[in-house]
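Some notes on the structure that comes next.
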Amino acid sequence: MIPPYRFEPDRSAASLQEEFGALDPASETGVVVTIAGRMMLRRVQGKLAFATLQDGSGRVQLFAPSATTPRFDALCDRSLGDWLGVTGEVMTTRRGELSVRVDDWVLLAEARRPFPDKWHGISDPDTRFRQRYVDLWVSDDERAILRARSTVVSSMRRWLDDRAFVEVETPVFHPIPGGALAKPFTTHHNALDLDLFLRIAPELYLKRLVVGGFERVYEIARVFRNEGLSPRHNPEFTMIELYQAYADYGDMMVLVEELVAHLARELHGTTVLTYPDRDGVGRELDLSPPWRRATLVELVEEHAGVRVDLDTPIDALRRVCADHGVKVDESWGPGKLLLELYEKTTEHALWGPIFVCDYPKEVSPLARSHRSEPGMAERFEGIVAGRELCNAFSELVDPDEQRARFEEQVSHRDAGDDEAMVVDADYLRALDFGLPPTGGLGIGVDRLVMLLTGATAIRDVILFPTLRPEPNDG
RNA sequence: GCGCCUCUAGCUCAAUGGCAGAGCAACGGACUCUUAAUCCGCAGGUUCUGGGUUCGAAUCCCAGGGGGCGCACCA
């Protein structure tokens with residue numbers, strides 16, 4: 001049997017359930033519909049057969065009496081997993097199950113390999129991620145999560161578009177990696193005989209666009225960082241970065257809390273979610289604005305029980321760090337020490353949502369100096385469910401200061417820090433043309449989706465997570 | 001990169017040093033209202049790979065491979 005080249009279903013399983021869900025048992029409607037999907041279950045009972053057809057929207061039962069079903073035996077012999085196209089009358093069985101009587105059917109595609117156990121599905125994570133095409137058919141939860149991702153991204157786009165943000169695409173190949181502190185992947189362009197880096201962040205290009213007159217821009221950017229894998233890290237992941245001229249980091253806080261609350265409402269109809277804590281116990285999370293705002297220094301005092309800041313003598317600061325189990329590096333300045341202390345003692349203890357405000361300039365090379373706190377930058381991170389969700393600043397707009405910050409980064413690089421930045425001369429030239437006061441924001445999209453769907457592994461929100469290739473062909 | 005755990009039939013899992021098994025799927029049969037259909041029958045294996053210990057290894061040991069988790073790094 002050669003499968004047809006096209007087929008034209010006029011209903012989905014879900015639309016049938018919606019349209020005919022209220023029928024009494026043993027009803028006939030006289031309505032003939034055409035549907036298509038995979039046969040997931042089958043119950044053949046001699047001269048009467050039932051099957052469960054699943055399409056992208058859901059499931060509906062097929063009802064096939066031998067007396068009226070064309071090629072009845074052939075239908076019963078089809079494998080679970082086969083794609084069928086079915087035309088027939090909408091009806092309900094004596095038990096009341098909504099069904100399509102098979103008045104005609106066609107094989108659309110054969111499943112030559114057996115589908116996994118119809119009840120247990122696939123449990124081996126390796127198989128699930130390698131054979132996502134099977135996992136998606138078999139696991140309702142996984143399908144729901146990945147659809148939710150789509151919903152979140154499109155809601156986010158709509159929300160930003162409604163606020164006059166312009167979506168752009170900037171290069172993935174960067175001659176100079178920049179915009180974040182991370183190890184890049186490298187590649188090579190043959191014709192130009194040029195080494196290129198896969199971007200670790202779109203930041204510096206987006207700010208060039210603000211210089212160029214795009215007052216509100218965003219990019220949903222796949223970025224690449226050459227780091228280890230974990231339940232929360234995939235080497236390629238998606239971030240959204242946005243920049244708003246004339247705004248500062250306070251404006252970004254308002255934007256984040258409103259955006260995230262909006263997305264939660266779009267997806268769940270509420271801003272109150274439950275997410276597993278570190279022990280896997282569901283814990284409530286209320287995303288409704290306003291989120292708490294506190295400075296990093298205040299929070300360290302709250303959680304580590306010591307008041308330290310950038311004026312604390314460096315020896316005392318080193319001692320406090322060591323007391324809290326931070327492995328101190330001699331080259332670190334007070335800013336790095338403070339950040340490490342925060343990460344060790346405080347970050348994981350926060351549940352949020354909370355904005356941790358005012359990070360040391362030393363560890364924030366692209367953020368503008370704080371208007372009133374010497375040594376600090378106007379930067380915040382949003383912590384939700386104990387994890388960093390976003391990172392934002394009042395952008396550093398002064399070319400001379402930016403040059404000095406880059407050069408400081410270069411000195412770190414020379415001291416062996418291969419995640420430190422390098423000088424991007426063209427970016428400095430762009431700043432010379434004038435970057436207006438600008439608020440910038442980056443949100444980890446994968447982690448945002450995890451938060452909103454309750455997923456605890458980043459692999460669950462990425463369709464095809466990075467895996468080592470199979471040793472031989474499956 | 002380091003540590004711990006894991007890998008048995010297409011899928012989900014048993015067998016803890018003594019004949020490799022069950023359910024589902026597949027295959028053959030019965031069955032006109034089932035819905036994880038049921039019933040009868042039949043078949044299915046490089047126990048991840050390679051070494052070793054042992055009378056005997058899925059099981060213990062060593063090495064390698066895939067995966068998971070933790071640490072490190074980060075978002």
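Everything numeric here is computed off the predicted structure, so don't read it as measured data. Sequence lines set the chain letters: A, B, ... in the order given, protein chains first and strands last, and positions in each chain run from 1.
Remark: A:D117 engages no residue in a salt bridge (Lys or Arg N to Asp or Glu O under 4.0 Å) (not counting sequence neighbours). A:T92 meets the side chain to side chain contact (heavy atoms under 4.5 Å, CB included) test with A:L23, A:S27, A:L98; sequence neighbours excluded. In this structure, the side chain to side chain contact (heavy atoms under 4.5 Å, CB included) partners of A:V320, at least two apart in sequence or on a different chain, are A:V306, A:V308, A:H324, A:L341. Taking A:T52 as the reference, A:L41, A:R43, A:R59 meet the side chain to side chain contact (heavy atoms under 4.5 Å, CB included) condition, with sequence neighbours excluded. For A:E388, the side-chain hydrogen bond (donor to acceptor under 3.5 Å, both in side chains) test picks out no residue, with sequence neighbours left out. By the side chain to side chain contact (heavy atoms under 4.5 Å, CB included) test, A:Q45 is found to be paired with no residue, residues two or more places apart in sequence or in another chain being considered.
Salt bridge A:R149/A:D446: present, at least one basic N to carboxylate O contact under 4.0 Å. By the 4.0 Å N-to-carboxylate-O rule, A:E378 lies too far from A:R368 to be salt-bridged with it. Electrostatic pairing of A:E340 and A:K344 does not count as a salt bridge here, judged by no charged N lying under 4.0 Å from a carboxylate O. Salt bridge present: A:D424 and A:R208 bring a charged side-chain N and a carboxylate O closer than 4.0 Å.
Under 3.5 Å, the side chain of A:E97 and the base of B:U35 form at least one donor-acceptor pair of N or O atoms.
A stem is defined here as three or more consecutive Watson-Crick or G-U pairs, each with both distances under 3.5 Å; for RNA chain B these stems are B:1-7 with B:65-71, B:10-13 with B:21-24, B:27-30 with B:38-41, B:48-52 with B:60-64.
We find that CH2 of A:W137 is positioned 20 Å from P of B:C11, with the value rounded to whole Å. To the nearest angstrom, P of B:C33 lies 12 Å from CE of A:M91. The separation between A:D329 atom CG and B:C73 atom P is 11 Å, rounded to whole Å. Atom CD in A:E343 sits about 13 Å away from atom C1' in B:A72, given to the nearest Å. Distance A:E347 CD to B:C73 C1': 13 Å, rounded to the nearest Å. Here the C1' atom of nucleotide B:C39 and the CD atom of A:Q45 are 12 Å apart, to the nearest Å. Protein atom CG of A:N226 is 13 Å distant from nucleotide atom C1' of B:G1, rounded to whole Å. Straight-line distance from the CD atom of A:E110 to the C1' atom of B:A26: 14 Å, rounded to whole Å.
Rounded to whole Å, the P atom of B:G3 lies 10 Å from the corresponding atom of B:A63. Rounded to the nearest Å, the gap between the P atom of B:A37 and that of B:C24 is 11 Å. Going from the C1' atom of B:G23 to that of B:G66 covers 27 Å, rounded to whole Å. Between B:C61 and B:G17, the two C1' atoms lie 13 Å apart (nearest whole Å). Rounded to whole Å, the separation between the P atoms of B:A58 and B:C19 comes to 10 Å. Only the C1' atoms considered, B:C27 is 41 Å distant from B:C69, to the nearest whole Å. Atom P of B:G44 sits at a distance of 15 Å from the matching atom of B:A20, rounded to the whole Å. Look at the C1' atom in both B:C33 and B:U38: the space between them is 14 Å, to the nearest Å.
Contacts of residues 234-243 of chain A with RNA chain B (heavy atom under 4.0 Å): A:N234, A:F237.
Residue pairs meeting the side chain to side chain donor-acceptor pair (under 3.5 Å) criterion with at least one partner in residues 30-40 of chain A, sequence neighbours excluded, are A:T34-A:T87. Residue pairs satisfying the ring-ring contact (aromatic ring centres under 6.0 Å, His included) criterion with at least one member in residues 71-97 of chain A, sequence neighbours excluded, are listed as follows: A:W83-A:W137.
No donor-acceptor pair under 3.5 Å is formed between the side chain of A:R379 and the backbone N or O of A:F393.
Contacts of A:G444 with the nucleic acid, taken as non-hydrogen atoms under 4.0 Å apart, are absent. Within 4.0 Å of A:E388, counting heavy atoms only, lie sugar-phosphate atoms of the nucleic acid but no base atom. Among the atoms of the strands shown, none is found under 4.0 Å from any heavy atom of A:G442. Across all strands shown, A:V223 has no heavy atoms under 4.0 Å from either base or sugar-phosphate atoms. When heavy atoms are screened at a 4.0 angstrom cut-off, A:I443 is found touching no nucleic acid atom at all.
Under a cut-off of 6.0 angstrom, the local environment of CD in A:E110 is crowded, with over 12 non-hydrogen atoms contributed by other residues, nucleotides or ligands.
Scanning both residues, A:W332 and A:R318, for their nearest heavy atoms gives O-NH2, 4.1 Å. Across A:M376 and A:P360, no two heavy atoms sit closer than the pair SD-N, 3.6 Å.
Residue A:S123 has a polar side-chain atom (N or O) positioned under 4.0 Å from OP1 or OP2 of B:C13. Residue A:S66 has no polar side-chain atom (N or O) positioned under 4.0 Å from OP1 or OP2 of B:U32.
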Quick one: what's the B/S/- string for nucleotides 20-25 of chain B, heavy-atom cutoff under 4.0 Å, read 5' to 3'?
---BBS
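In terms of position along RNA chain B, the nucleotide closest to A:P116 lies nearer the 5' end than the nucleotide closest to the other residue of the pair A:P116 and A:N391.
Closest to the A:E419 side chain, of the nucleotides B:C33, B:C73, B:A36, is B:C73. Considering only the side chain of A:R94, B:C33 comes nearest among B:C33, B:A72, B:U12.
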Check: protein-nucleotides 67-70 of chain B nitrogen or oxygen pairs below 3.5 Å:
from  : atom 1 : to     : atom 2 : distance (Å)
B:G67 : OP1    : A:R468 : N      : 3.0
B:G67 : OP2    : A:R468 : NE     : 3.2
B:G68 : OP1    : A:R459 : NE     : 2.9
B:G68 : OP1    : A:R459 : NH1    : 3.0
B:G68 : OP1    : A:R459 : NH2    : 3.1

